[in-house]
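We count ligands from 1, going down the list as the structure has it; atoms in each ligand are counted the same way. Residues: numbered from 1 along the sequence shown. Small disclaimer: the values here were computed from a predicted structure and weren't measured.
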Amino acid sequence: MSADQTGRLLGDWLEDGPAYLALAKAFRALITDGRLPAGTRIPSERVLAAQCRIGRNTVTAAYSLLRTEGYLEGHRGAGTFTALPPGHQRVRTASQDARRFPENRIDLAVAQVPAPEPLLAEAVRDAACHVGKYTDGPVHDRVGLRELRQAIADRYTRRGLPTSADEIMVTTGAYQGWGLLLRLTAQRFDPVLVDAPTYPDAVQAIRSIAGRPLPVGLGPEGWDPELLVSACRQARPVLAYLMPDHHNPTGHVMPDEVREAVAAGARRSGTLLVVDETLSELTLEGPAPRPMAAFASRGQVVTIGSLSKIFWSGLNLGWIRATPSLISRLAALRGPGDAGNSVVNQLIARRLFDDYDAVLRERRLTLSARRDHLVGALRRHLPEWTFSPPRGGLCLWVDLGERVSSRLACAAEGLGVDILTGSRFAVEGTLDNRLRLPFVQPPDVLSEGVERLAAAYAAVRGHRSRPTAHALLAA
Ligand SMILES: Cc1ncc(COP(=O)(O)O)c(C=O)c1O
């Protein structure tokens with residue numbers, strides 16, 4: 001990271017007391033909340049001192065303290081890299097491992113919507129009536145039924161992105177689409193750019209092909225185009241996985257000018273942009289974002305989409321939008337163990353597309369009411385937590401103000417509430433000051449969940465361990 005970018009991220013860090021402690025504190029905050037991901041090369045002492053217009057001794061003392069604490073690695077001359085002290089490794093909570101479903105448990109972890117009924121049942125009946133059309137021909141079709149691909153393509157065209165059925169391949173979900181793209185285009189150890197924080201399974205998929213996630217941190221306002229573009233220029237990632245619309249977990253929407261800058265930067269570095277639009281149509285307020293592919297030249301953006309968050313995740317139905325030649329190569333990659341989606345499933349999905357707008361309207365009404373309800377309950381019971389209510393998506397991204405998310409998850413588990421800690425969304429084990437709270441549950445469940453969370457939070461704060469050496473130094 002350049003001195004200029006580091007200086008901007010550090011912001012106005014000077015405060016009362018010794019300057020080196022204030023500088024170390026600012027770095028620590030950037031590293032632990034993921035804006036300076038572990039493994040980032042930071043400027044040398046001399047260069048940072050010149051950038052911040054401070055004495056070199058101040059930087060030397062700050063780096064030395066951070067090295068002792070485990071936040072920096074490397075030695076003078078060989079480069080200095082951010083790191084995470086051992087205690088910061090991602091904490092697995094019981095709620096992740098042993099999800100139990102006794103009566104009266106409250107799930108504030110999973111961001112999934114219930115199936116739209118009676119529409120789903122009608123679509124199943126309709127599929128049963130139409131399946132006869134396919135029963136005496138070959139059924140192994142790895143790109144998907146033409147009529148479903150046409151419905152998906154038409155939806156893109158209506159969103160302002162003219163698309164033909166040949167540019168669509170049906171998958172078992174957005175996740176499968178991402179996995180296929182990784183397998184087709186990335187080699188072992190290839191860097192793959194991701195937002196930090198991001199959807200954890202996207203990172204897991206990169207690791208499963210032995211790729212190297214290259215996290216680029218989002219700030220309080222979202223993406224920093226300069227950081228993204230310079231990461232592309234320096235690391236030349238083959239792929240970048242981005243969620244520009246109602247980002248999971250932060251809820252940010254990428255502004256148009258950032259979309260343009262990112263598309264231009266990726267074009268220069270030869271990076272294929274993979275845009276996850278799983279949440280794109282869940283705009284609760286304001287205009288719907290223009291699809292990222294509309295800002296790039298043909299073939300430069302591949303879009304992955306899904307019916308999981310609008311209709312029902314039990315449909316296992318998603319798609320890839322790409323050039324016809326890329327679609328053919330992806331379809332060929334599926335192999336004998338993956339013959340595509342079932343015909344019946346695709347006919348159900350096809351029928352659901354007829355009611356897409358009506359379902360979306362209903363979802364938006366319900367979700368915005370539930371988002372407002374959750375916001376109100378948190379402001380009443382946990383006023384010290386901060387967040388910006390998102391204008392779309394399914395979740396609030398809460399700042400707890402201190403690194404207690406993992407302990408809170410354990411305490412909440414004991415009170416019958418499942419939550420996901422911020423660190424689940426970090427590429428490394430940072431973001432323990434964050435919590436992702438979905439607003440998909442009915443209002444009474446959200447109220448009860450927040451009351452229990454407030455009790456869990458009080459318990460965590462009441463049993464706070466003795467301050468650590470680092471907290472004392474930072475105080
Ligand atoms: C951003 C994002 N992408 C993809 C997925 C997975 O989608 P699918 O069920 O279609 O594989 C999820 C599910 O939580 C998600 O949040």
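Counting heavy atoms under 4.0 Å from ligand 1, residue Q112 does not touch it at all. For Y199, every heavy-atom contact with ligand 1 shorter than 4.0 Å involves the side chain, none the backbone. Only side-chain heavy atoms of K309 come within less than 4.0 Å of ligand 1; its backbone N, CA, C and O stay farther off.
Of the charged side-chain nitrogens involved, none lies within less than 4.0 Å of a carboxylate oxygen, so that D432 and R424 do not count as a salt-bridged pair. Salt bridge present: R146 and D166 bring a charged side-chain N and a carboxylate O closer than 4.0 Å. A salt bridge is absent between E384 and R379; no separation between the charged side-chain nitrogens and carboxylate oxygens falls under 4.0 Å.
Side-chain contact check for Q5 and S230: at least one donor-acceptor pair (N or O, by modelled atom type) lies under 3.5 Å.
With ring centers used as reference points, F387 lies 6.0 Å or more from W397. Checked against a 6.0 Å centroid threshold, the rings of F311 and Y356 count as neighbours.
S297 places a side-chain heavy atom less than 4.5 Å from the side chain of R267.
Compare L307, V110, D276, T172 by their heavy atoms: the one nearest to atom 2 (C) of ligand 1 is in D276. With Y175, W178, Y241 as candidates, the residue nearest to atom 11 (O) of ligand 1 on a non-hydrogen basis is Y175.
Atom numbering of ligand 1 starts at 1 in the shown order; those under 4.0 Å from a heavy atom of M243 are 1 (C).
Ranking protein heavy atoms by distance to atom 7 (O) of ligand 1, first place goes to A174 CB, 3.9 Å. Looking at atom 16 (O) of ligand 1, its nearest protein heavy atom turns out to be N248 ND2, 2.9 Å. With hydrogens left out, the protein atom closest to atom 9 (O) of ligand 1 is S308 OG, 2.8 Å, a heavy atom. The protein atom (non-hydrogen) at minimum distance from atom 10 (O) of ligand 1 is S306 OG, 2.6 Å.
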